Number of protein chains: 2
Amino acid sequence: MSADPVVPETRVLAIASHVSYGYVGNKMATAVMQLLGCDVAALNTVHFSNHTGYRQFKGTRATADEITTIYEGMRQSNLTDFDVMLSGYAPSAAAVEAVGAIGMDLQRKAEKNPGSFFWVLDPVMGDQGRLYVNDDVVPAYKKVIHHADLILPNQFEAEVLSGVKITSLSTLAEAISAIHKTYNVPHVIITSVQLSDLTTNLSTASPTTLTVIGSTTRSDGSPRLFRVDVPALDCYFSGTGDMFAALTVARLREAVFAASPTLRTTRSWVSPDDVAATDLPLAQSTVKVLASMHNVLEKTMEARNAELAAAPAVLDDEALAQVDAQKRLHLRQTKAAEVRLVRNARFLREPTVEFQPQEWKKEDLPR
Amino acid sequence: MSADPVVPETRVLAIASHVSYGYVGNKMATAVMQLLGCDVAALNTVHFSNHTGYRQFKGTRATADEITTIYEGMRQSNLTDFDVMLSGYAPSAAAVEAVGAIGMDLQRKAEKNPGSFFWVLDPVMGDQGRLYVNDDVVPAYKKVIHHADLILPNQFEAEVLSGVKITSLSTLAEAISAIHKTYNVPHVIITSVQLSDLTTNLSTASPTTLTVIGSTTRSDGSPRLFRVDVPALDCYFSGTGDMFAALTVARLREAVFAASPTLRTTRSWVSPDDVAATDLPLAQSTVKVLASMHNVLEKTMEARNAELAAAPAVLDDEALAQVDAQKRLHLRQTKAAEVRLVRNARFLREPTVEFQPQEWKKEDLPR
């Protein structure tokens with residue numbers, strides 16, 4: 001395994017949350033991209049002690065003004081020559097607008113050089129049928145997404161953005177078509193599809209399979225759909241969406257550089273219409289991303305199980321010792337499930353499993 | 001070159017400044033330690049757009065309360081099982097005290113397990129004969145340093161802490177002895193010794209040599225001095241102190257684990273008196289640290305020179321285009337000298353040059 005950079009030289013502006021302990025948000029994304037060889041400018045939208053899955057945390061949120069000011073600081077010193085922007089969690093509608101304005105400023109500067117800037121937007125709004133941001137964040141995202149090159153909603157966020165309730169593979173395809181059309185966004189990946197709702201329509205997938213669906217638009221605006229099935233792991237990990245996004249930044253750029261030399265100077269890196277769905281850089285990237293994630297999360301689960309099987313640490317801290325047993329167990333389980341990122345960096349670089357993208361035509365689907 | 005972790009499992013709490021763009025403070029330290037395989041909890045003391053060497057930046061400083069609160073957040077969820085703490089820049093005397101209280105809390109928790117926690121403290125106060133912190137930061141550091149295991153002052157900071165004006169190798173040795181005795185701190189490295197003042201006393205070194213001096217105390221409190229000479233590069237880079245500190249965390253832990261099995265369970269990892277200065281884990285670590293730095297900074301200088309030789313980027317930004325030429329040149333030169341860290345990660349892991357530590361006895365020195 002080589003320690004040489006995996007990706008071509010890539011300068012990323014990453015805007016998301018920072019946690020001191022553990023790996024979510026920008027803490028996850030920055031480390032992942034750096035471990036793959038990207039130079040990352042990290043603009044942090046919150047400064048928390050740990051992720052919210054612990055059900056308790058301390059720290060502060062950046063205001064929209066603070067986010068804008070950091071960007072203005074970089075801009076006044078000519079430090080904004082980014083190839084890619086990755087934007088994730090923003091703590092308010094005003095913060096989403098501030099991040100949107102940054103993306104648009106970078107796009108404006110890159111206008112004369114198509115393909116020289118690419119914006120990956122993770123519209124962090126909610127999950128499992130529930131918003132975890134204020135209601136006014138939704139319309140803020142709906143305005144901003146028009147400018148992104150690739151968005152990475154989960155199933156719930158895709159429903160919110162498309163207005164289509166996803167209950168089957170065909171409604172999933174409708175949701176992706178609607179996102180392409182409504183927001184004119186050329187690339188979409190839906191990063192977590194709950195197969196429990198969908199398995200009746202799938203012969204190959206079981207509830208222990210995770211399916212990721214993506215599409216790069218054709219010139220007529222129609223979707224070019226692919227899917228990748230991977231074995232699901234029986235554990236909940238925080239930060240996997242951020243990990244997916246960060247790996248995608250590196251792997252998509254790698255795939256675009258490996259494709260025809262004209263692609264990287266094509267606006268939004270949209271492949272010609274004759275490129276099959278499974279040959280899309282987005283599909284090629286997604287299989288590598290999922291392979292790395294599968295390896296790292298498998299190692300994480302092993303480490304978690306070992307940690308939970310061992311005797312709990314003695315709590316010398318009086319305050320902690322008084323916390324009730326159920327809460328203590330939740331804290332311990334959450335800590336044990338922190339992604340083992342750094343020690344498994346080799347799997348980010350060279351995953352040991354291989355998945356295959358499948359082309360996926362709407363007309364083939366059961367209704 | 002392997003991508004496997006270099007160091008044994010190491011959980012670090014890193015407290016220092018964050019900059020979005022470029023590599024200084026915690027942005028440098030966190031990336032370096034992660035690239036070597038450490039798990040890093042990053043508690044950021046400032047949130048700036050870029051480092052102050054640009055002579056302009058925007059952002060906010062954390063208050064002492066905000067620093068304490070983040071730590072309390074980790075503590076309440078039992079997330080403070082750190083092996084090492086690395087503390088760097090704190091923006092006020094109150095912030096230095098807050099960081100000190102965190103170090104002492106972690107030490108208290110580790111009391112029953114000698115060697116299970118180690119505190120590396122970089123007393124960031126000034127350089128080149130000049131303080132760049134408020135005057136009240138100095139007495140704050142003087143109180144806190146008593147609790148550190150290793151401190152990494154530069155020459156000026158060593159003068160401030162020891163009260164000894166360093167004008168020769170013998171006064172340098174006096175300063176280190178005074179630091180051991182006054183603060184009871186077992187390990188010291190003076191990270192930048194200006195040879196222009198000292199070359200008259202050195203036969204082997206020239207003004208193009210950088211000398212690093214370190215010492216681990218003996219049981220009688222006397223210093224056990226070593227020095228490492230490395231070729232100096234003709235360029236000023238920001239963040240090299242932070243890079244040195246972060247590499248030292250990883251390499252010292254590696255060297256301590258490679259030494260006798262009892263050392264890692266010895267308080268402050270102080271080697272027995274019969275270990276020669278050049279065989280100290282601190283000396284072994286320092287030569288690897290300096291080799292990595294030499295490789296990475298050499299690559300940085302090549303990249304900087306190429307960048308400055310190329311035509312300047314067209315400034316499409318009206319505000320920037322109006323900045324006077326001298327300031328624009330300074331910004332460009334400063335950006336070009338940003339450490340090329342991520343693309344040269346292989347040299348952090350496996351440096352290609354070798355330096356040797358030399359034992360250095362005070363009685364051998366010219367007076």
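These figures come from a predicted structure and were not determined experimentally. In what follows, every chain begins at residue 1, and chains take the letters A, B, ... in the order their sequences are listed.
Interface summary for chain B: among A:Lys58, A:Met74, A:Gln34, A:Arg343, the most heavy-atom pairs under 4.5 angstrom belong to A:Arg343. Of the residues considered (B:Leu35, B:Asp39, B:Val19, B:Val7), B:Asp39 shows the highest number of contacts with chain A, using heavy-atom pairs under 4.5 Å. Here B:Cys38 is the residue among B:Ala62, B:Ala14, B:Cys38, B:Gly59 with the most heavy-atom pairs under 4.5 Å with chain A. Ranked by heavy-atom pairs under 4.5 Å with chain A, the list B:Glu72, B:Glu66, B:His18 is led by B:His18. Interface remark: of the candidates A:Ala41, A:Gly73, A:Ser20, A:Ser20 forms the most heavy-atom pairs closer than 4.5 Å to chain B. Ranked by heavy-atom pairs under 4.5 Å with chain B, the list A:Leu331, A:Leu79, A:Leu43, A:Val342 is led by A:Leu79. The candidate from A:Gly37, A:Ala31, A:Gly22 with the greatest count of non-hydrogen atom pairs under 4.5 Å with chain B is A:Gly37. With respect to chain B, the highest number of heavy-atom pairs below 4.5 Å among A:Asp81, A:Leu36, A:Thr80, A:Leu13 belongs to A:Asp81. Each of B:Asn26, B:Thr69, B:Asn344, B:Thr30 has some count of heavy-atom pairs under 4.5 Å with chain A, and the biggest count is that of B:Thr69.
Residue contact with chain A, scored on non-hydrogen atoms closer than 4.5 Å, involves the backbone and the side chain of B:Glu9 alike. Neither the backbone nor the side chain of B:Tyr71 comes within contact range of chain A; no heavy atoms are under 4.5 Å apart.
Electrostatic pairing of B:Lys327 and B:Asp324 does not count as a salt bridge here, judged by no charged N lying under 4.0 Å from a carboxylate O. Ion pairing between a basic and an acidic side chain is recognised when a charged N comes within 4.0 Å of a carboxylate O; A:Lys27 and A:Asp242 show no such pairing. Between B:Arg340 and B:Glu307 there is a salt bridge, since at least one side-chain N of the basic residue sits less than 4.0 Å from a carboxylate O of the acidic one.
Here the side chains of A:Gln56 and A:Asn50 are not in contact, with every heavy-atom distance at 4.5 Å or above. Here the side chains of A:Ser292 and A:Phe347 are not in contact, with every heavy-atom distance at 4.5 Å or above. Counting only heavy atoms from C-beta outward, the side chains of B:Trp119 and B:Gln107 approach each other to under 4.5 Å. Side chains of B:Arg251 and B:Thr248 form no contact here, defined as non-hydrogen atoms less than 4.5 Å apart.
A side-chain donor-acceptor contact under 3.5 Å links A:His330 to the backbone of A:Gly53.
A:Tyr21 is linked by a ring-ring contact (aromatic ring centres under 6.0 Å, His included) to nothing, counting only residues two or more places apart in sequence or in another chain.
Distance OG1/A:Thr334 to OH/A:Tyr236: 10.0 Å, rounded to 0.5 Å.
Contact residues of residues 296-305 of chain A toward chain B are absent (heavy-atom distance under 4.5 Å).
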* Test B:Phe257 against B:Glu254 for side-chain contact (heavy atoms from CB on, under 4.5 Å), laying out the working first. => CA-CA 5 Å; B:Phe257 272 64; B:Glu254 177 191 41; over 6 Å; no
